[in-house]
Amino acid sequence: MAYLFFYASILIMWILLLICVRFRTPGTAHTVIAIVTAAMSIVYDTTLGEYMGLYYYIHPQVSVIHTLIAALLIYPPANVIYTLFLPRDARSAVVYTILWIGVMLVFEYASVLAGTVVFTGWDPFPWSPLTYVVTYLWVYFLFNYLKNRHYKLQT
């Protein structure tokens, strides 16, 4: 079940991204978000999962490869989708981000139930919600910085 959930998550994430791209065209800022997300995910999951031993993907012996796959094929498309529909209005962006955090917590919980992610020392509360808050804060601010910088360069 762990492998099925893992690879189905990748497939679903990319299908969702392809559907979303039909409605909104990604730009340079989205590409940067994808690259930074991949790098941050690798550092974060390698540090907390592999070095600190707080969790692993599927099985300890194959966790590193699944950490890399997830960092490259799950989290970047998710953050690109998040930024594709990110509202410009700050109040709406807060509500939208809270909804995304909720979806990511449900996804994490489903991953745990499926055995795709196994917690060995990670305490989901308060660390998972806090992690998603920090993640979506940096994504939000970096994306807005990139969008504003790009606009200023064009004028």
Side-chain angles (χ1 to χ4, degrees), residues 2 4-49 52 54-55 57-58 66-119 122-155:
L4 177 63
F5 186 88
F6 184 77
Y7 290 106
S9 297
I10 293 169
L11 181 63
I12 290 166
M13 191 61 65
W14 281 88
I15 289 170
L16 288 173
L17 179 62
L18 292 173
I19 291 168
C20 290
V21 166
R22 292 192 48 92
F23 296 100
R24 302 275 172 100
T25 305
T28 305
H30 298 96
T31 303
V32 172
I33 290 296
I35 293 167
V36 174
T37 297
M40 295 285 286
S41 295
I42 289 169
V43 169
Y44 184 84
D45 281 344
T46 301
T47 302
L48 295 177
M52 297 179 74
L54 297 177
Y55 55 88
Y57 284 83
I58 301 175
H66 290 97
T67 295
L68 292 173
I69 292 170
L72 297 173
L73 299 178
I74 295 177
Y75 303 118
N79 284 350
V80 169
I81 293 168
Y82 167 78
T83 56
L84 280 171
F85 297 97
L86 184 63
R88 291 182 187 256
D89 172 54
R91 184 174 298 172
S92 298
V94 168
V95 172
Y96 177 75
T97 303
I98 290 169
L99 291 173
W100 262 88
I101 291 169
V103 168
M104 293 306 292
L105 288 168
V106 169
F107 176 70
E108 179 181 290
Y109 183 68
S111 298
V112 170
L113 289 179
T116 301
V117 175
V118 179
F119 294 143
W122 181 260
D123 189 6
F125 189 80
W127 300 117
S128 291
L130 181 61
T131 297
Y132 291 119
V133 166
V134 170
T135 297
Y136 284 103
L137 278 173
W138 75 255
V139 171
Y140 175 82
F141 286 115
L142 177 59
F143 182 73
N144 281 315
Y145 170 78
L146 293 168
K147 293 297 281 185
N148 291 334
R149 182 77 175 154
H150 185 291
Y151 175 75
K152 288 178 185 174
L153 290 174
Q154 288 183 336
T155 57

Let me check something: any side-chain donor-acceptor pairs from residues 7-15 under 3.5 Å, sequence neighbours excluded? List them with distances.
unit_1 : atom_1 : unit_2 : atom_2 : d
Tyr7   : OH     : His66  : NE2    : 3.4
Ser9   : OG     : Phe5   : O      : 2.6
Trp14  : NE1    : Leu73  : O      : 2.7

Applying side chain to side chain donor-acceptor pair (under 3.5 Å) to Thr46 and not counting sequence neighbours gives none

TODO: With side-chain hydrogen bond (donor to acceptor under 3.5 Å, both in side chains) as the test, would you mind laying out the steps for Tyr44 and Thr131 before giving the verdict?
DONE: CA-CA 10 Å; Tyr44 184 84; Thr131 297; 2.8 Å; yes

Determine whether [X] and [Y] make a side-chain contact, defined as any pair of heavy atoms from C-beta on separated by less than 4.5 Å.
X: Thr83; Y: Val139; value: yes
X: Val36; Y: Trp138; value: yes
X: Tyr132; Y: Glu108; value: yes
X: Pro26; Y: Val21; value: yes
X: Val133; Y: Ile101; value: yes
X: Phe6; Y: Val117; value: no
X: Leu130; Y: Phe125; value: no
X: Thr28; Y: Leu146; value: no

Might you point out which heavy atoms bring [X] and [Y] nearest each other, and give the distance in Å?
X: Pro76; Y: Ala70; result: CD-O, 4.2 Å
X: Ala2; Y: Gly115; result: CB-O, 3.3 Å
X: Leu84; Y: Cys20; result: CD1-CB, 4.1 Å

(Q) Are Tyr96 and Tyr82, when compared by the centres of their aromatic rings, separated by less than 6.0 Å? (A) yes

Point-to-point distance, once rounded to the nearest 0.5 Å, from [atom1] of [X] to [atom2] of [Y]:
X: Lys147; Y: Arg88; atom1: NZ; atom2: CZ; value: 6.5 Å
X: Thr97; Y: Leu137; atom1: OG1; atom2: CG; value: 8.0 Å
X: Ile33; Y: Leu86; atom1: CD1; atom2: CG; value: 9.5 Å

Verify the neighbour count for atom CZ of Phe85: are there more than 12 heavy atoms of other residues, nucleotides or ligands below 6.0 Å? yes

ask   = Between Ile42 and Thr67, does a side-chain contact (heavy atoms from CB on, under 4.5 Å) hold up when you go through it step by step?
value = CA-CA 7 Å; Ile42 289 169; Thr67 295; 5.9 Å; no

Leu54 and Trp127: CA distance, side-chain angles, deciding distance, side-chain contact (heavy atoms from CB on, under 4.5 Å) verdict
CA-CA 11 Å; Leu54 297 177; Trp127 300 117; over 6 Å; no

Checklist entry - Going by the angle between their ring planes, with limits at 30° and 60°, are Trp122 and Tyr55 parallel, tilted or perpendicular? => result perpendicular

* Mark yes or no for whether Thr37, through its side chain, and Asn79, through its backbone, hold a donor-acceptor pair below 3.5 Å. => no

Sorted by chain and number, sequence neighbours left out, ring-ring contact (aromatic ring centres under 6.0 Å, His included) with Tyr140 holds for none

